[in-house]
Amino acid sequence: MKIAVLVSGGGTNLQAIIDSINDGRITGTEICLVYSNNYNAYAIERAKNAGIPVVVKSPKEFETRDDFNKALLQILLDAAPDLIVLAGCLVVIPDCVVKAFPNRIINIHPSLIPAFCGTGFYGLKVHEKVLEGGVRVSGATVHFVDEGTDTGPIILQKPVMIRQDDTPKSLQQRIMEQAEWIILPKAIDLIANGKVKVENHKVIIEGYSTDI
Ligand code: GRF
């Protein structure tokens, strides 16, 4: 299975995918492209170090958003991935891309959807709202991308308990370490091995185990 990984920042989720392919936690998969909207994303270094083709294109380089959306679609069609993985990607994925890759785009979100998600909930902001809300548990979610924001069918989730002394930063780091870097590679491996299907907006996983 060929995957294209879309990034905007540090690329720790990309690195988790690269490492998981190298150590066999993900089988039958190769990363055919890393795309970033951000020329300064460290994720680009990670991709280059792993010998993965990189394309960087910022929306700012285009006259209109529609021009950017068309260019992004062409970049992805040219790479022809079987699956697109949003790994810390802050670009709004245009409908034309979602329509071209139905149930073939997945995203990692740093909360237990449907809590603390949707427009404006990204990066550290998610964890700030979680701590403001006084909840006792958060975590991460991998879901298919549809036309909404964080509304596609949920594939995997993993909870992380919140500590009294947590800051947004410490919570973000623990959720990345204990949840994101585990469930994103796992979801990719399940999809690569044909274990995932969507029926009536619900994900069915063959051989699903709760001890993830
Ligand atoms: C992570 O918290 C991830 O949940 C969110 O973007 C943040 C940075 O991810 N989507 P990465 O280090 O760039 O993979």
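Please read these numbers as outputs of a predicted model, since none were measured by experiment. Throughout, numbering of the chain's residues begins at 1 and tracks the sequence. Both counts, for ligands and for their atoms, begin at 1 and track the order of listing.
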* Asked: Is the closest heavy atom of G11 to ligand 1 under 4.0 Å?
  ->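 It does, in that a heavy atom of G11 comes within the 4.0 Å cut-off of ligand 1.
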
Which atoms from ligand 1 have a heavy atom of [X] less than 4.0 Å away?
{"X": "Q172", "answer": "2 (O)"}
{"X": "G9", "answer": "13 (O)"}
{"X": "P110", "answer": "4 (O)"}
{"X": "I108", "answer": "10 (N)"}

Backbone N or O of [Y] within a donor-acceptor pair of the [X] side chain at under 3.5 Å?
{"X": "D146", "Y": "G148", "answer": "yes"}
{"X": "S20", "Y": "R25", "answer": "no"}
{"X": "H109", "Y": "F116", "answer": "yes"}

* So which heavy atom on I26 is nearest to which on P185, and how close? ->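 Distance-wise, the nearest heavy atoms are CG1-O, 3.5 Å.
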
* Grab the two heavy atoms, one from K57 and one from Y35, that are nearest each other, plus how far apart they are. =>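 So the minimum-distance heavy-atom pair works out to O-OH, 2.6 Å.
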
In terms of residue, atom name and distance, what is the protein heavy atom nearest to [atom]?
{"atom": "atom 14 (O) of ligand 1", "answer": "N13 N, 2.8 Å"}
{"atom": "atom 5 (C) of ligand 1", "answer": "G88 CA, 3.9 Å"}
{"atom": "atom 12 (O) of ligand 1", "answer": "T12 OG1, 2.6 Å"}
{"atom": "atom 2 (O) of ligand 1", "answer": "E180 OE2, 3.4 Å"}

* To do: Determine whether more than 12 heavy atoms belonging to other residues, nucleotides or ligands lie under 6.0 Å from atom OH of Y122.
  =>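 No, because the 6.0 Å sphere around OH of Y122 holds 12 heavy atoms or fewer from other groups.
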
* Of K158, E180, Q157, the residue whose pairing with T141 passes side chain to side chain donor-acceptor pair (under 3.5 Å) ->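 Result for side chain to side chain donor-acceptor pair (under 3.5 Å) with T141: Q157.
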
